[in-house]
Structure formats: C-alpha cells, structure tokens
Amino acid sequence: MARDFSSLKNLDIPVKVLFTGYLTSVAVGYLFALIQILFTHGMADGKFGLSIDDIVYSYYGNRSGTVLETKLNGSMKDNASEQERFIIMQWVRDGADEDEYADSGTEKVIQERCVMCHNKDATIPNFNDFKVLKELTREDEGATFSSLTRVSHIHLFGISFIFMFVGLIFSFAETSTVKYKSIAIGMPYLFLLVDILSWWLTKLHPMFAILVILAGAGMAMSFAFMWVVSILEMWLFDKVFLDANGQPRPQWSTIVEARLQQVGCDHALTLGNRLACMAKSTMKKLWLQWLNQGLPWIKRWWQKRLEKKD
C-alpha cells in the first residue's frame with residue numbers, strides 16, 4: 001500500500017534546518033574534493049587544471065619517464081627549486097646508484113625538501129628508506145592495482161552514502177514526476193560505477209581516460225541538480241515554483257515531454273533512446289537549416305567570386 005509523504009515545502013522548520021545543514025556540509029565537502037583533485041591529479045602533467053594528460057599520467061602513467069621524475073615535474077614541482085629537481089633527476093637518469101646518492105647531492109636535497117612529509121610517520125612513501133626511494137626510480141606505470149583497490153572501495157562506500165542521503169532528501173521534492181525523479185536519484189550511482197570502472201580501464205589503456213572526466217562531470221551535475229532543487233523547494237517554493245497568482249509553474253518534466261512529442265521522440269521508452277532520438281532530430285534540423293541558408297549563401301559567394309574574375 002502506497003504511503004503519502006510530506007513534501008519538502010511542508011516540512012517542519014527544524015527538519016528543514018537539519019536537511020539544509022547536511023546539504024550545505026556535503027556541498028562544501030564536494031567543493032574541497034574538487035580543489036584537492038586540481039592540486040593532485042590536476043598537476044600530474046606539470047600544468048594547473050585537469051586535462052586528459054593528467055588522467056593518463058595518474059592512472060596509466062608516463063611510460064617515457066620514472067615515477068620520481070613525473071612527480072617532480074608535476075604535483076611536487078613547487079616543493080623544490082629547478083636546480084634541486086635537476087640534481088635528483090640527473091641522479092635518476094644516471095642509474096639511481098646508492099653509491100652516488102650522497103656524492104651527487106641528491107641525499108641532501110631529499111633530506112631538506114622531501115622527508116618533512118615523506119617519513120616513517122606518514123602514509124606516503126618514506127624517503128628515509130633507500131629501498132622505497134629506489135622503487136620510485138623505475139618506469140612510471142601510474143597507479144598500482146593495490147592502490148586502485150583501496151581507493152575504489154573507499155569511494156564506493158563513502159560516495160554511495162553521500163548520494164543516498166542527498167537522494168533521500170530530494171525524493172520529497174515536487175518538481176518532477178516519479179519517473180524523472182527516479183532517474184535523477186539513480187544517475188549518480190550509475191556515474192559512480194562508471195567512474196570507478198574507468199580508473200581500471202585507464203590503467204590498462206589510456207584511451208579510456210575521457211570516461212573519468214565524463215563520469216565525474218555527470219556525478220557533479222546530478223549532485224548539483226538534486227541539491228539546488230531541494231534547497232529551493234524548502235525555502236523558496238512560493239517564489240520559484242509558483243507564479244504571481246499562486247498557481248504551480250509547469251513542471252520541467254512536462255516541458256521535456258512536450259518537447260519530445262514535438263520532435264516525435266515520445267515513443268522512445270528508455271532515457272538513452274530518447275536522448276539519441278533528440279540528437280538525431282537536432283542534427284536533422286541543423287542539416288535542413290544548412291541546406292536552406294548555408295548552401296545558398298556559399299553559392300552566392302562563389303558566383304560573386306567568379307564575376308570578379310571575369
């Protein structure tokens with residue numbers, strides 16, 4: 001038997017404050033997560049900003065160099081001067097011999113610039129142990145399978161819980177029909193699974209790096225949509241979802257359905273089929289506009305050019 005649940009706008013003020021506090025906290029956490037990505041993966045190629053190369057270097061690796069060189073030219077670039085980084089990289093290219101470790105000046109640079117973070121008390125490699133440092137002078141093959149396993153299960157557990165509570169709050173929204181609301185709630189989990197899978201695929205081949213960015217962007221858009229709608233319905237329902245006469249504005253799902261019917265895509269059952277149908281319809285429309293407007297313009301331009309030659 002179906003139960004009637006209170007909508008977001010009709011919740012008691014303490015419950016609205018509780019939901020808003022949670023949504024605000026996870027939004028700030030999401031923002032800091034994006035910043036952290038920019039300062040870690042986003043610096044893998046030595047340039048600020050996330051790119052395909054950053055993803056490839058992070059998961060597949062930079063097979064033309066060593067792990068230590070990649071880090072010194074990427075996320076660790078600002079932690080040492082150009083001359084100090086050159087000393088380390090030169091030692092690596094000369095074979096990273098333990099006998100030359102001190103004589104080359106590498107040990108001094110490592111002790112002054114690196115061990116403050118890379119020590120036995122940290123979770124990152126301990127540079128006081130030469131064997132650990134030596135491992136980083138091998139060819140850069142990106143993330144290890146053990147690290148991917150660790151990060152994958154942490155992300156799956158942690159992010160799933162975040163979207164469970166965000167989706168639970170959004171489920172009380174009145175913005176859309178049950179069908180579209182279910183799609184909005186389910187999409188983050190699909191993007192999350194694709195995101196995790198794309199790490200492993202990129203580790204095997206760099207061509208899958210684009211999936212990491214697409215899945216991450218899809219997750220962010222899903223989160224932003226549910227977050228904005230939930231906040232608006234709790235605190236600004238009358239201003240956003242009702243018109244001046246107090247009547248409900250058209251639901252976005254109603255607008256989408258009308259657009260689908262207009263282009264002849266309302267027969268498609270699944271979301272993927274509908275998107276494909278709309279894309280096909282849009283391309284057809286653009287092609288017709290080209291035939292009606294662009295092609296005659298080219299003909300006129302070519303005719304004028306011939307007349308000038310004559």
Side-chain angles (χ1 to χ4, degrees), residues 29-30 32-47 49-77 79 88-89 91-93 95-96 98 110 114-115 117-164 188-220:
Y30 210 116
F32 277 106
L34 294 176
I35 295 174
Q36 191 264 343
I37 288 174
L38 287 177
F39 281 102
T40 52
H41 295 306
M43 290 294 295
D45 61 354
K47 302 176 183 177
L50 194 63
S51 65
I52 297 294
D53 286 339
D54 290 318
I55 302 300
V56 173
Y57 291 165
S58 297
Y59 295 104
Y60 181 75
N62 182 4
R63 304 298 172 93
S64 62
T66 64
V67 177
L68 203 55
E69 289 178 278
T70 300
K71 290 295 183 181
L72 288 172
N73 287 324
S75 57
M76 297 292 109
K77 187 175 183 178
N79 293 339
I88 298 175
M89 287 189 284
W91 170 71
V92 172
R93 292 171 184 176
E98 186 172 4
I110 293 292
C114 305
V115 295
C117 297
H118 289 268
N119 52 61
K120 63 179 181 179
D121 297 323
T123 56
I124 52 182
N126 176 18
F127 283 3
N128 284 318
D129 187 344
F130 183 81
K131 292 181 179 179
V132 174
L133 183 62
K134 179 70 175 180
E135 284 296 317
L136 298 178
T137 63
R138 301 182 184 276
E139 182 184 51
D140 181 14
E141 296 182 350
T144 63
F145 286 106
S146 61
S147 65
L148 283 178
T149 302
R150 183 182 69 255
V151 176
S152 295
H153 89 266
I154 292 174
H155 275 72
L156 284 170
F157 287 151
I159 297 179
S160 293
F161 270 109
I162 291 174
F163 280 117
M164 183 184 76
Y189 295 101
L190 175 61
F191 284 123
L192 175 60
L193 293 174
V194 172
D195 186 37
I196 301 298
L197 178 62
S198 62
W199 299 352
W200 292 84
L201 293 175
T202 305
K203 170 65 180 174
L204 299 176
H205 198 286
M207 65 177 289
F208 295 103
I210 186 64
L211 283 178
V212 179
I213 294 179
L214 293 178
M219 240 187 327

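Because the structure is a prediction, the values reported are computed rather than measured. When reading the values below, keep in mind they use all heavy atoms of this one structure, side chains included, and skip hydrogens, waters and symmetry mates.
- Scored by the side-chain hydrogen bond (donor to acceptor under 3.5 Å, both in side chains) test, Asp129 finds no partners at all (sequence neighbours excluded).
- Using modelled atom types, one side-chain atom of His153 and one backbone atom of Arg150 make a donor-acceptor pair closer than 3.5 Å.
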Worksheet entry | Step-by-step side-chain contact (heavy atoms from CB on, under 4.5 Å) determination, Leu156 to Leu193 | CA-CA 8 Å; Leu156 284 170; Leu193 293 174; 4.0 Å; yes
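- Here Trp91 contributes atom CH2 and Ile110 contributes atom CD1; the two are 7.0 Å apart, rounded to the nearest 0.5 Å.
- Annotation: Phe161, atom CZ; neighbour count of heavy atoms from other residues, nucleotides and ligands within 6.0 Å does not exceed 12.
- Looking at Tyr189, its side chain does come within 3.5 Å of a backbone N or O of Met164 through a donor-acceptor pair.
- In this structure, the side chain of Ser198 engages the main chain of Asp195 through a donor-acceptor pair within 3.5 Å.
- For Val56 against Ala209, the heavy-atom pair with the smallest separation is CG2-CB, 3.7 Å.
- Using a 4.5 Å cut-off on side-chain heavy atoms (C-beta onward), Val151 and Trp199 make contact.
- Checking side-chain atoms of Lys203 against main-chain N and O of Ala143 turns up a donor-acceptor pair under 3.5 Å.
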Item to complete: With side-chain contact (heavy atoms from CB on, under 4.5 Å) as the test, would you mind laying out the steps for Leu50 and Ile55 before giving the verdict?
Response: CA-CA 8 Å; Leu50 194 63; Ile55 302 300; 3.9 Å; yes
Practice prompt. Apply side-chain contact (heavy atoms from CB on, under 4.5 Å) to the pair Tyr59 and Leu148, showing each step before the final yes or no.
Written response: CA-CA 9 Å; Tyr59 295 104; Leu148 283 178; 3.8 Å; yes
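- The distance from atom CG of Asp54 to atom CD1 of Ile37, rounded to the nearest 0.5 Å, is 11.5 Å.
- Classification of the Phe127-His118 ring pair by plane angle, with boundaries at 30° and 60°, yields parallel.
- Between Trp200 and Phe145 the shortest side-chain heavy-atom distance falls below 4.5 Å.
- In this structure the side chain of Ile196 reaches within 4.5 angstrom of the side chain of Leu192, judged on heavy atoms.
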